[in-house]
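Each residue takes its place number in the sequence, starting with 1.
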Amino acid sequence: LQVGMLKLAHAFAERRGITDFFLYTYPNLINFYRGSFFDLLDVTFEHPDWGSVHLMRMNVSELPRRCASSRSSLAKLLLDG
């Protein structure tokens, strides 16, 4: 997930009143998405082609608060206009 695409998705969500993003991912990418402010949900399933995948969620309305309290360089990139 590129930073620019995440920025555009966040801006689109704010304009359209979208409150949450969901994705499913391979186990080895969980930490990457956590670093992008997604939270791991307690849902794992077997995809017929990809095998074990995990569901993750980003609360879009909480993103500014989470970024403000984060030391991550991604947080600054996401919300700086």
Side-chain angles (χ1 to χ4, degrees):
L1 187 64
Q2 295 180 350
V3 174
M5 289 297 292
L6 191 54
K7 256 184 106 140
L8 287 172
H10 178 260
F12 179 82
E14 282 190 322
R15 284 193 304 273
R16 299 291 182 181
I18 297 169
T19 59
D20 299 278
F21 292 143
F22 291 90
L23 62 82
Y24 50 91
T25 187
Y26 294 114
N28 62 319
L29 294 175
I30 290 172
N31 287 336
F32 171 77
Y33 285 112
R34 278 186 174 152
S36 300
F37 302 99
F38 281 85
D39 298 310
L40 183 63
L41 300 176
D42 192 21
V43 177
T44 301
F45 60 95
E46 288 295 317
H47 187 278
D49 296 321
W50 305 333
S52 181
V53 291
H54 301 273
L55 185 63
M56 300 188 79
R57 170 186 174 250
M58 176 196 286
N59 183 327
V60 177
S61 60
E62 284 188 12
L63 192 59
R65 182 191 59 77
R66 288 183 71 180
C67 285
S69 64
S70 174
R71 296 183 305 169
S72 166
S73 56
L74 177 61
K76 183 169 175 49
L77 290 171
L78 277 178
L79 297 180
D80 280 353

Student: Out of curiosity, Tyr33 OH to Met58 CE, how far, rounded to the nearest 0.5 Å?
Tutor: 10.5 Å
Student: Minimum heavy-atom separation for Phe21 to Ala13, with atom names?
Tutor: CZ-CB, 3.6 Å
Student: Taking side chain to side chain donor-acceptor pair (under 3.5 Å) as the cut-off, I'd like each qualifying pair that reaches into residues 44-58, sequence neighbours left out, listed once.
Tutor: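 Residue pairs with at least one partner in residues 44-58: Asp20-Arg57, Thr44-His54.
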Student: Does any non-hydrogen side-chain atom of Phe22 lie less than 4.5 Å from one of Leu41?
Tutor: yes
Student: So which of Asp39, Ile30, Leu29 actually passes side-chain contact (heavy atoms from CB on, under 4.5 Å) with Met56?
Tutor: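 For Met56, the side-chain contact (heavy atoms from CB on, under 4.5 Å) test succeeds with only one of Asp39, Ile30, Leu29, which is Ile30.
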Student: Would you give the length of the straight line joining atom CG of Leu55 to atom CG of Leu23, rounded to the nearest 0.5 angstrom?
Tutor: 7.5 Å
Student: Would you give the length of the straight line joining atom CG of Asn31 to atom CG of Leu40, rounded to the nearest 0.5 angstrom?
Tutor: 9.5 Å
Student: Just to verify, what does Arg15 make a side chain to side chain contact (heavy atoms under 4.5 Å, CB included) with, not counting sequence neighbours?
Tutor: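 Expected list: Ala11, Phe12.
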Student: Run the salt bridge (charged side-chain N to carboxylate O under 4.0 Å, His left out) test against Arg34 and tell me which residues pass, sequence neighbours left out.
Tutor: none
Student: Could I get the full list of side chain to side chain donor-acceptor pair (under 3.5 Å) partners for Ser61, not counting sequence neighbours?
Tutor: Asn59
